[in-house]
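Below is one structure, written out as structure tokens, with a few remarks after it.
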Amino acid sequence: MSGIDCFRNIGQLVQADASTQPGIRLRKNCALLVQDGRVHKILKDSEIKSSKGYTKVIDCEGRAVVPGFVDCHTHLIYAGERKDEMVERMSGVPYLEILEKGGGILNTVRATRRATENELFDAARKRMKRMMALGTTAFEIKSGYGLNLNCEMKMLTVGKKLRASLKVPVTLTYLGAHAVPEGEDREAYLEEIIEHLPRFRTLADGIDIFCEKDVFTVADLRRLFLQAKLLGFNLRAHVEEFSHQGGCFEAAKLGALSCDHLEHAAPRDIQAMHAAGTTAVLMPGVTLFLGGEKHPLSHSMLDAGVTLALATDCNPGSCPTYNMQTVLTLAASMYRLTPEQALAAGTYGSAKALDAEKDYGGLLPKQRADFNLLKTNDYRDMFYYFGENFVDATYIAGKKFRAPKDPATQ
Ligand code: NIG
Ligand code: FE
């Protein structure tokens, strides 16, 4: 057992867990004690009489401390950019039409297949470091830009190496069913995915599918999930994003850990998520970036007792942002969530979407000491002066993360 670090003079300390729904627990003028990378205790600041007994005492100058953000839905391993498509979309071409013409996801598939494992690793590592500098302390990463056995395995191997290299929690998801590869038959490709599932068991914790008009059907989702469930994968699904297909209801019925996107989810789908304990992962950055108008029924979800989570969806097509602070502020203004609700969703809720809420996300005793020291004494400034970076320092397992200096582009 190692010594105790004392973060004292914290003006606001935010904690999050299920018992604090719809928001968070706010503690004022306190000290956070960290031992072995975990939260040891939280005391009143006045109880800290001297630095005796502590390895280190860090003065937080009355500022706010919030749990590290949990980005529970990303596609951050990829090669190539899609700026031309962004411009095309801005002149009116819909996202799914670009995919149908062999662009979109398939564009990134071509670039990712060409890239070596090292190239993918270096690019993704830079992205993650930028995300950590902006306050993210735990990640979910999906494959899905390989769409064949070798390249999907290459992506997930990169994911494992990123986890080891950056020493942050990384949950990996196999998303072979992200799109139908060019020139292949949908049913035959799905068959191939199902046949290869056992080989992904040691590489990925979960399985995902993009269930959408002209991509994969609800029946495909059911076939894949039944098999994946037998093998012990966690189930997640991209559902009801551009249209209502019924994938959310089916996924929840089969016990999905999370249903993601949900712009077109209906009240019946919300009931199914509640009954199954499925977390709703919302990604307002996608709606903003694609210029969509439809928002998920976030308040019906909250009223029904469904846990909300927030994520970037970080990917080169529908949301290239690295910034969970942006996502939280967008959720607050687009979905009319209070700062408390948005913060709880991006920390506790997102950890729950990864089945990790006991380990991190709430800054509770015994949890990982993953947190952000803000530049302000009021965490609501992040929502009010939106667009600024309010993270002064990110602490991962109690250690200060050294932010990179390189620019935000790849
Ligand atoms: O979650 N919706 C499908 N897949 C991703 C987009 C990936 C891409 O465009 O490259 C998403 O938005
Ligand atoms: Fe996604």
Side-chain angles (χ1 to χ4, degrees), residues 71-86 88-89 93-113 115 120 123-124 127 139-147 151-152 155 171-182 206-216 220-221 235-245 247-248 251 256 258-265 279-292 294 296 309-322 327 330 350 353-354 410:
D71 200 345
C72 64
H73 179 142
T74 83
H75 309 246
L76 65 82
I77 301 173
Y78 62 83
E81 293 179 314
R82 294 186 358 227
K83 280 184 250 189
D84 292 344
E85 285 181 8
M86 171 183 75
E88 214 180 326
R89 275 192 299 93
V93 188
Y95 176 85
L96 286 177
E97 200 176 303
I98 295 175
L99 175 62
E100 237 173 283
K101 287 190 302 189
I105 295 171
L106 296 174
N107 195 341
T108 302
V109 168
R110 287 188 287 275
T112 305
R113 284 182 180 174
L120 288 178
R127 277 176 209 128
F139 297 82
E140 185 265 3
I141 309 176
K142 303 174 195 300
S143 66
Y145 291 127
L147 309 188
C151 191
E152 288 291 315
M155 290 186 72
T171 301
L172 294 172
T173 304
Y174 172 43
L175 178 57
H178 197 191
V180 180
E182 263 175 311
I207 181 101
D208 197 341
I209 180 167
F210 185 19
C211 182
E212 185 57 68
K213 190 170 165 292
D214 298 328
V215 191
F216 290 99
D220 296 340
L221 178 149
L235 311 177
R236 347 182 146 276
H238 286 67
V239 280
E240 329 302 4
E241 181 180 2
F242 297 102
S243 61
H244 187 271
Q245 300 289 317
C248 173
S258 76
C259 280
D260 304 35
H261 287 290
L262 300 170
E263 280 77 2
H264 293 260
T279 298
V281 178
L282 308 183
M283 292 168 287
V286 178
T287 310
L288 178 89
F289 192 67
L290 296 184
K294 190 119 171 82
L310 292 169
T312 56
D313 201 7
C314 177
N315 74 73
S318 70
C319 194
T321 189
Y322 300 150
V327 168
L330 287 177
S350 298
L354 301 179
Q410 16 189 339

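Just follow the structure's listing: the first ligand is 1, and inside any ligand the first atom is 1. What you see is a predicted model, and the numbers here were worked out from it, not measured in a lab.
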Next item on the list: Would you please determine whether Arg82 falls within less than 4.0 Å of ligand 1 on a heavy-atom basis?
Entry: yes
Next item on the list: Check His73 and report its N/O/S atom nearest to the Fe ion (ligand 2), by atom name.
Entry: NE2
Next item on the list: Take atom NZ of Lys213 as the centre, draw a 6.0 Å sphere, and report whether it contains more than 12 heavy atoms from other residues, nucleotides or ligands.
Entry: no
Note to self: If the contact criterion is a heavy-atom separation under 4.0 Å, does Thr108 count as touching ligand 1?
What the structure shows: no
Margin query: Here's one to test your reading of the geometry: is the NZ or CZ of Arg127 within 45 degrees of the ring axis of Phe139 and under 6.0 Å from its centre?
Written below: no
Next item on the list: Describe, in one word, how the ring planes of His75 and Tyr145 are oriented to each other, choosing from parallel (under 30°), tilted (30 to 60°) and perpendicular (over 60°).
Entry: tilted
Check: Which residue owns the protein heavy atom closest to atom 2 (N) of ligand 1, what's the atom, and how far is it?
Finding: Glu241 OE1, 2.8 Å
Next item on the list: Looking at His75, pick out the N, O or S atom nearest to the Fe ion (ligand 2) and give its name.
Entry: NE2
Next item on the list: Would you mind running through ligand 1 and noting each atom that sits below 4.0 Å from a heavy atom of Ser318?
Entry: 6 (C), 9 (O), 11 (C), 12 (O)
Next item on the list: For the Fe ion (ligand 2), find the closest N/O/S atom on Asp313 and give its atom name.
Entry: OD1
Checklist line | N-O pairing of Glu88 and Lys101 below 4.0 Å | finding: yes
Notebook entry, point to check: Judging by distance only, is a nitrogen or oxygen of His178 under 3.5 angstrom from one on ligand 1?
Noted result: yes
Item checked: Glu140 side-chain N/O to Thr173 backbone N/O, donor-acceptor pair under 3.5 Å -> no
Note to self: Looking at the Fe ion (ligand 2), is there an N, O or S atom belonging to Asp208 that lies under 2.8 Å away from it?
What the structure shows: no
Next item on the list: Flag the pair Asp208 and Lys142 as a salt bridge only when some basic side-chain nitrogen lies within less than 4.0 angstrom of an acidic carboxylate oxygen.
Entry: yes
Next item on the list: Any atoms of ligand 1 less than 4.0 Å from a non-hydrogen atom of Asp313? List them with their elements.
Entry: 1 (O), 11 (C), 12 (O)
Margin query: Is any side-chain heavy atom of Val327 closer than 4.5 Å to one of Pro284?
Written below: yes
Next item on the list: Between His73 and ligand 1, find which residue part has any heavy-atom pair under 4.0 Å and reply side chain, backbone, both or neither.
Entry: side chain
Note to self: Please list the nearest protein heavy atom to atom 7 (C) of ligand 1 with its residue and the distance rounded to 0.1 Å.
What the structure shows: Tyr145 OH, 3.3 Å
Check: Taking His264 for the side chain and Phe242 for the main chain, is one N or O donor matched with an acceptor at less than 3.5 Å?
Finding: yes
Checklist line | Contact summary for Leu147 and Arg113, nearest pair of heavy atoms | finding: O-NH2, 3.5 Å
Check: Can you tell which part of Tyr78 has a heavy atom less than 4.0 Å from ligand 1: side chain, backbone, both or neither?
Finding: neither
Check: What protein heavy atom sits nearest atom 6 (C) of ligand 1, and how far away is it?
Finding: Tyr95 OH, 3.0 Å
Next item on the list: Answer with yes or no whether Val286 contacts ligand 1, where contact means a heavy atom under 4.0 Å from a ligand atom.
Entry: no
Notebook entry, point to check: Quick one: does ligand 1 sit under 4.0 Å from the side chain of Met283, the backbone, both or neither, non-hydrogen atoms only?
Noted result: neither
Note to self: Regarding Asp260 and His238, do their side chains bring together a donor and an acceptor under 3.5 Å, going by distance alone?
What the structure shows: no
